[in-house]
Structures are given as C-alpha cells and as structure tokens.
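Residue numbers count from 1 along this sequence.
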Amino acid sequence: MGRRMIKQWTCKPRAIHPQACMRFSHQEPERPLYTPHEVYRWNLVDDFVTMFNDHRQQQVYPSDRICVDESISRWYGMGGDWINVGLPMYVAMDRKPENGAEIQNACCAESGVMIRLRIRKSKAVDSLDLDPLLGHGTAVLRDLVLPWAETGRIVAADSFFASVEAAQVLFRIGLRFVGVVKTATKRFPMAALNKVQMPTRGIWKGLIHRGDKTQGLPDLLAFTWNDTNRRFFITTVSSLQRAATPIDRPRKRQVDLQPNAEPEHVFQLIEQPKAAELYYTSAAKIDQHNRSRQDDLGIERKLVTTSWHKRVNLSIFSMIVVDSYLVYKKCTTSGESPGEFYHKLAEEMIDYEQTTRQQRSAMRNSVDDQVAVAAFAGHGMRQTPTKRMRTVEGGKKTPGSSAKKSTTQKHQGKCTVCAKKTTWTCSTCRQEVLLNIYVCHTRSGRPACWAEHMHVDHNIL
C-alpha cells in the first residue's frame with residue numbers, strides 16, 4: 001500500500017489538453033455582487049461577439065441587400081433558465097434542425113458573408129439592450145441593421161422580424177424592407193387578403209397604403225401570393241409587376257396514363273411578382289451559410305467539448321471560416337468545393353512544429369518561396385518530410401541488432417543540389433525510385449535547390 005501511494009505522488013502530472021486553455025472573452029474570476037448569474041456567464045462569449053461586430057462594421061462593405069435570420073449553435077448538454085450552470089439560454093424548437101444557443105445575425109445577401117451577430121438571451125437580459133417601446137422582433141431587427149442606417153439598403157427578413165411596425169421603423173432610419181408576415185399581423189390587412197379568390201397557383205393580389213413621408217410614414221405594399229398555400233408579404237420597395245424569371249420547380253408527374261407507365265420529369269413554372277422574387281433571392285443566404293457550417297465544415301459535431309461557451313465560440317469561429325470560403329469563391333470565381341477549401345486552409349494554418357523559428361520567419365519574408373511553389377504546383381510536385389527518425393548510440397544491444405535507439409528528431413540527409421542537411425524529400429522520387437531524395441525546402445531560404453531538382457531530375461522547366 002505504501003509503495004502504491006509513493007508511486008502516485010511521484011508520477012508525472014497529466015498533460016493539459018489544449019482546449020482547456022481556449023478563451024475567447026474575459027470573465028472575472030468571481031461574480032460581482034449585483035451582477036445576475038446569467039449576465040456573468042454570458043461574459044465568456046460577449047467580447048468575441050463585440051470584436052466580430054466591430055471588425056465587420058469597419059472592414060466589410062455589404063451589397064445593396066441585407067438578409068436577417070437566425071443560426072443555431074448545436075448543444076445538448078445542461079442549460080436553461082431553471083439552473084445556473086451550462087448554456088444560459090437553451091432553445092429547442094421543432095422547426096429547428098438542432099437545439100442549443102440561438103444566434104440572430106445579418107449577412108450580405110449577395111455574397112452571404114456575415115456582417116453582424118447577436119446572441120439571443122433571456123427576456124430579462126435582452127430588455128437591458130433593446131428599445132422597450134418597440135416589439136421584440138422589430139427591436140432585434142433594428143439592432144442588427146443599425147450600422148448601415150441612412151444607406152437605402154434593402155433588408156429581407158422572415159416572419160420572426162417582419163411586421164408593419166418593422167417596415168416603418170426601418171424607413172425612419174433610412175432603410176427599405178421586405179418580409180413575410182405570419183403571426184405579427186397588427187395593422188396588416190390579413191382578413192381582407194384572405195377573402196381574395198385565388199383558384200390557381202401563381203396568382204397574387206395586393207393593397208397599397210399611402211403614407212406621409214414628412215411624418216416618417218412610408219408607402220406600404222401588403223400582398224398575398226398563392227403557391228402551395230397563401231403567403232403574405234409586407235414591403236416598402238419593389239412592385240407587383242410580373243417577375244422576369246418565374247419559379248421553376250422540377251416534379252414527377254404521371255403524364256402517360258397507360259397501365260404500368262413510368263412517371264416523367266416535368267418542370268412546373270409558377271409566376272411571381274417582383275417583390276416576391278426580391279425576397280426569395282435574398283432571404284435564403286443565412287440558411288445556406290448554416291448548411292455549409294453544420295454539414296460541410298462540421299466543427300460542432302467533430303470537435304467534442306463539455307463546455308457550452310467553447311461550443312458557442314467555436315460556432316462563431318466556424319462562421320468566420322465559412323465567410324473566408326465565400327470571399328475566396330467570390331474573388332477568384334473558383335469552382336473549388338467547401339471541403340477542399342477547408343482542408344487546404346487547415347493545412348496552411350497548422351505548422352506541426354516541423355520548422356524552426358528562423359525557417360518560419362524566412363517563409364513569411366521570402367518572395368522566391370511563392371514563385372518556386374507556384375511554378376511546379378500544376379505538375380503535382382511537392383515536398384514531404386522524411387518519416388525516418390534519427391538514431392543515437394546507447395540503446396540496448398541484442399543479438400542481430402546494433403546498440404542504437406530512436407529519438408524524437410527527424411533524420412537529416414544531404415541535399416542533392418547544395419549538399420546541405422535537410423529533412424525534406426521529393427515525394428515524386430519516393431514513388432518512382434523508392435528512395436528518399438533529399439532536397440532543401442523552399443521555406444529554408446534556398447528555393448533554387450527545389451527548382452534545380454525539378455529541372456535536372458524531372459525535366460520540368
């Protein structure tokens with residue numbers, strides 16, 4: 001018993017996981033006396049959201065259309081208003097694909113890049129930041145688009161934000177609005193539009209309310225459009241003219257009525273007004289962003305954590321990664337898939353500590369490095385570190401083996417061009433001649449070695 005206790009006290013301490021040191025925001029070690037527990041817990045996320053919003057407001061210039069919607073940070077641990085631990089505001093809705101923290105956000109409706117975030121908190125905490133004279137959805141909408149006031153941009157929002165009040169409030173701050181009305185029907189002519197007869201799909205009817213712009217009251221257009229069911233809209237922009245491009249939906253229909261005939265693919269064209277076209281071309285950008293973050297990137301499923309604040313912060317980080325892909329795709333018009341881009345981005349960001357501090361400095365400062373890599377990128381040529389480890393004397397000698405032991409250092413070989421030591425090899429030579437041909441890496445400050453090896457040994461100019 002005594003030996004076991006001595007062994008426990010003399011063993012090495014367990015290594016700390018890198019996730020234990022991850023912090024995105026500042027929180028005081030102890031909760032201040034008059035600070036609510038929920039506000040104190042949200043301090044672990046608030047700074048990251050504030051820095052995100054400030055940076056996007058200064059650096060990102062959105063298009064003439066802004067989309068407002070919600071995102072969910074996946075979380076199935078503890079949380080809610082019934083216990084002072086875990087996620088402070090736990091959202092679980094049948095219409096949402098996941099449960100967890102809800103992030104209300106705004107994005108550019110042209111590129112899909114997020115431009116502003118807002119964490120949904122409890123009603124008591126939200127009342128500290130929002131205008132109490134406005135409805136909740138209108139107050140949140142105004143807070144998300146306020147940095148772009150007086151620019152005349154068009155804001156597209158779903159039924160959580162859309163109402164007559166929202167259209168009027170955005171008009172007063174210099175923005176235009178289009179949205180779908182479902183539950184916020186105050187001052188909306190829902191009864192009158194419901195009485196309109198629309199027997200077939202692709203029919204719309206509307207009512208116009210003339211406002212007084214001198215008093216901050218805009219002209220409002222309320223209309224209903226019949227698709228599978230009736231949908232109601234409120235807008236201060238566009239018109240009810242027929243859209244240039246109708247909705248094209250592929251469907252299977254039994255065209256041939258003969259027995260045992262196969263169904264055929266048909267395209268169903270549904271006419272729509274310009275105002276509806278404006279909404280549907282703008283309002284789906286955040287949903288597309290959410291699918292790319294949750295399905296293509298998948299950090300919320302792949303990276304397991306028991307800390308709710310790390311999950312929420314990593315969800316925001318995932319939004320930044322998706323935004324980088326959207327900006328790359330817009331700037332380069334590349335057809336690269338999200339998975340390929342995310343893998344390349346991870347490889348560029350991870351160093352694996354295979355280079356020294358001097359090599360990393362040379363890699364950042366060397367222009368020849370970029371030229372050498374770009375010259376042979378199209379030929380599939382690349383350099384890989386050797387898998388062989390360095391051995392030293394001092395190992396236990398056994399019959400048929402030498403007294404050497406492996407170390408944690410890579411084996412070094414002489415470069416075939418300059419004869420200096422390096423740990424990098426040519427992957428093409430390893431596949432063709434099954435030998436490790438050592439060549440200085442372009443990041444070592446000697447990019448000419450790699451270029452000469454490609455020219456002499458592989459006949460690539």
Hey, is the main chain of [Y] close enough, under 3.5 Å, to the side chain of [X] for a donor-acceptor pair?
X	Y	result
Trp424	Thr386	no
Tyr280	Ile247	no
Asp47	His26	yes
Thr425	Thr384	yes
Asn99	Asp94	no
Gln254	Asp256	yes
Ser282	Ala109	no
Ser315	Ser73	no

If we count only N and O atoms by modelled type, under 3.5 Å, do the side chains of [X] and [Y] hold a donor and an acceptor together?
X	Y	result
Ser71	Asn290	yes
Asp323	His289	yes
His37	Arg41	yes
Tyr342	Ser292	yes

Tell me, which pairs form a salt bridge (charged side-chain N to carboxylate O under 4.0 Å, His left out) where one or both residues lie in [range], sequence neighbours left out?
range	answer
residues 132-154	Arg118-Asp143
residues 257-271	Arg242-Glu271
residues 181-191	none

>> Let's go through Asp69 and Lys285 carefully: what are the C-alpha distance in whole Å and the side-chain angles of both, what is the deciding distance for salt bridge (Lys or Arg N to Asp or Glu O under 4.0 Å) to 0.1 Å, and is it a yes or a no?
In response: CA-CA 9 Å; Asp69 209 333; Lys285 286 298 181 179; over 6 Å; no
[X]: salt bridge (charged side-chain N to carboxylate O under 4.0 Å, His left out) partners, not counting sequence neighbours:
X	result
Arg116	none
Lys274	none
Lys121	Asp46
Arg301	Glu98

>> Holding to side chain to side chain donor-acceptor pair (under 3.5 Å), I want the full list of residues that pass it with Arg120, two or more places apart in sequence or in another chain.
In response: Glu102
> So with a 6.0 Å cut-off around CZ of Arg210, is the heavy-atom count from everything else above 12?
Replying inline: no
Return a table of donor-acceptor pairs under 3.5 angstrom between the side chains of residues 158-166 and protein atoms on other chains or two or more places apart.
| unit_1 | atom_1 | unit_2 | atom_2 | d |
| --- | --- | --- | --- | --- |
| Asp158 | OD1 | Phe160 | N | 3.3 |
| Ser163 | OG | Ala166 | N | 3.1 |
| Glu165 | OE1 | Gly135 | N | 3.4 |
| Glu165 | OE1 | Thr138 | OG1 | 3.1 |

>> How close do Leu193 and Gly206 get, counting heavy atoms only, and between which atoms?
In response: CD2-CA, 4.4 Å
>> Please give me the minimum heavy-atom distance between Tyr279 and Ala156, naming the atom from each residue.
In response: CD1-CB, 4.3 Å
> Between Arg231 and Asp227, is the closest basic N to carboxylate O distance under 4.0 Å?
Replying inline: yes
> Less than 4.0 Å between a side-chain N and a carboxylate O, is that true for Glu110 and Arg65?
Replying inline: yes
> Which pairs count as ring-ring contact (aromatic ring centres under 6.0 Å, His included) when at least one residue sits in residues 293-319, sequence neighbours excluded?
Replying inline: Trp42-Trp308
>> To the nearest 0.5 Å, what is the distance between NE2 on His209 and CG on Asp219?
In response: 8.0 Å
> Among all residues two or more places apart in sequence or in another chain, which pass the side-chain contact (heavy atoms from CB on, under 4.5 Å) test with Asn226?
Replying inline: Met198, Arg230
> Residues in side-chain contact (heavy atoms from CB on, under 4.5 Å) with Asp248, at least two apart?
Replying inline: Phe267, Leu269
> Looking at Arg293, Arg311, Lys310, which hits salt bridge (charged side-chain N to carboxylate O under 4.0 Å, His left out) with Glu300?
Replying inline: Arg293
> Can the ring centres of Phe177 and Phe171 be said to be less than 6.0 Å apart?
Replying inline: no
